[in-house]
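All remarks here apply to the structure that follows.
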Amino acid sequence: MKSALVLVDLQYDFMPGGALAVSVGDRVVPVANELSAHFDLVVATQDWHPRDHGSFASNHAGKKPGDMIELGGVPQVLWPDHCVQGSPGAELHRDFDRRRVKQIFRKGTDREIDSYSGFYDNGHRKATGMGEFLKSEGVTDVYIAGLATDYCVKFTALDGIRLGFRVHVIEDGCRGVNLSPGDSVRAIEELRGAGVEILQSEILARV
Ligand code: VGL
Ligand code: ZN
């Protein structure tokens, strides 16, 4: 058994004041730092969109954030412009301790399709390389924390199961967008139903 910690999208645009702010999203940064110390292998993901990305409402005439369209053959929520490649909002939070992060996997780089999961785009067409990397390191168990519970954490966890990893989501190390109230709670329930173990960071701090 070998475990890896996957830290999802700890970027300014998902923090208070950011373009797609997650309420108290910055609280997960110290949790992520603390968790890192308990893993031999830590990786991170970074949402990294071109300015003309198809998930931005601003790139569709007459559409606003929250509207639904189809993108790359799959349903797509439209978002405010966020995590534009090279912009300050796309940067990882300055307090996120990256010393133990072995590799960062960027996603959402193809304008024609979004990518919530750190493993694949939403149409499962292209892999980011994170799955192969973790398999090549002999990882069997993937522990996930970060932003956002109801999107990128959720889809990273579901793809992790698909890839045959044992997947654990550290609930207090995650916060959600909650476009509809309760989305995060429903995401956690859905993950449990899919075979994901849901746990709290204090359990890991003791081992
Ligand atoms: C995310 C919406 C759009 C996330 C990324 O990191 O959860 N959500 N892009
Ligand atoms: Zn995005």
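Whatever order the structure lists them in is the order used to number ligands and atoms, beginning at 1. Hydrogens, waters and symmetry mates play no part in the numbers below; they use all other heavy atoms, side chains included.
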Ala148 N/O under 3.5 Å from ligand 1 N/O: yes
Any Val77 side-chain heavy atom under 4.5 Å of Tyr116 side chain: yes
Any N/O pair Asp114/ligand 1 closer than 3.5 Å: no
Contact check: Asp47 to the Zn ion (ligand 2), N/O/S below 2.8 Å: yes
For atom 8 (N) of ligand 1, the protein heavy atom that lies nearest, with its residue and separation: Tyr151 CB, 3.8 Å
N-O pairing of Arg186 and Glu189 below 4.0 Å: no
Ligand-side contact atoms (ligand 1) for residue partner His82, heavy atom cut-off under 4.0 Å: 3 (C), 9 (N)
Val177, portion touching ligand 1 at heavy-atom distance under 4.0 Å: neither
Charged N-O contact under 4.0 Å between Asp121 and Lys126: no
Ligand 1 atoms in contact with Leu147 (distance to a heavy atom under 4.0 Å): 6 (O), 7 (O)
Any Gln11 heavy atom less than 4.0 Å to ligand 1: no
Cys152 backbone or side-chain N/O/S under 2.8 Å from the Zn ion (ligand 2): no
N/O separation below 3.5 Å, Lys107 to ligand 1: no
Atom pair CG/CG of Leu163 and Leu134 - distance to nearest 0.5 Å: 9.0 Å
Inter-residue atom distance Gln76.CD - Lys63.NZ, 0.5 Å rounding: 12.5 Å
Distance-only N or O hit between ligand 1 and Cys152, under 3.5 Å: yes
Any donor-acceptor N/O pair, His53 side chain to Arg51 backbone, under 3.5 Å: no
Atom indices of ligand 1, in the order listed, that fall short of 4.0 Å to a heavy atom of Asp9: 4 (C), 6 (O)
Nitrogen or oxygen of His49 less than 3.5 angstrom from that of ligand 1: no
Parallel, tilted or perpendicular, as decided by the 30° and 60° cut-offs, for the rings of Trp79 and His82: perpendicular
N, O or S of His53 under 2.8 Å from the Zn ion (ligand 2): no
For Trp79, atoms of ligand 1 separated by under 4.0 Å from a heavy atom: 2 (C), 3 (C)
Ion pair check, Arg166 and Glu197, cut-off under 4.0 Å: no
Taking atom 5 (C) of ligand 1 as the reference point, the nearest protein heavy atom with its distance: Asp47 OD2, 3.2 Å
Centroid separation Phe119 to Phe105 less than 6.0 Å: no
Pair Lys107 + Asp9, salt bridge at N-O below 4.0 Å: yes
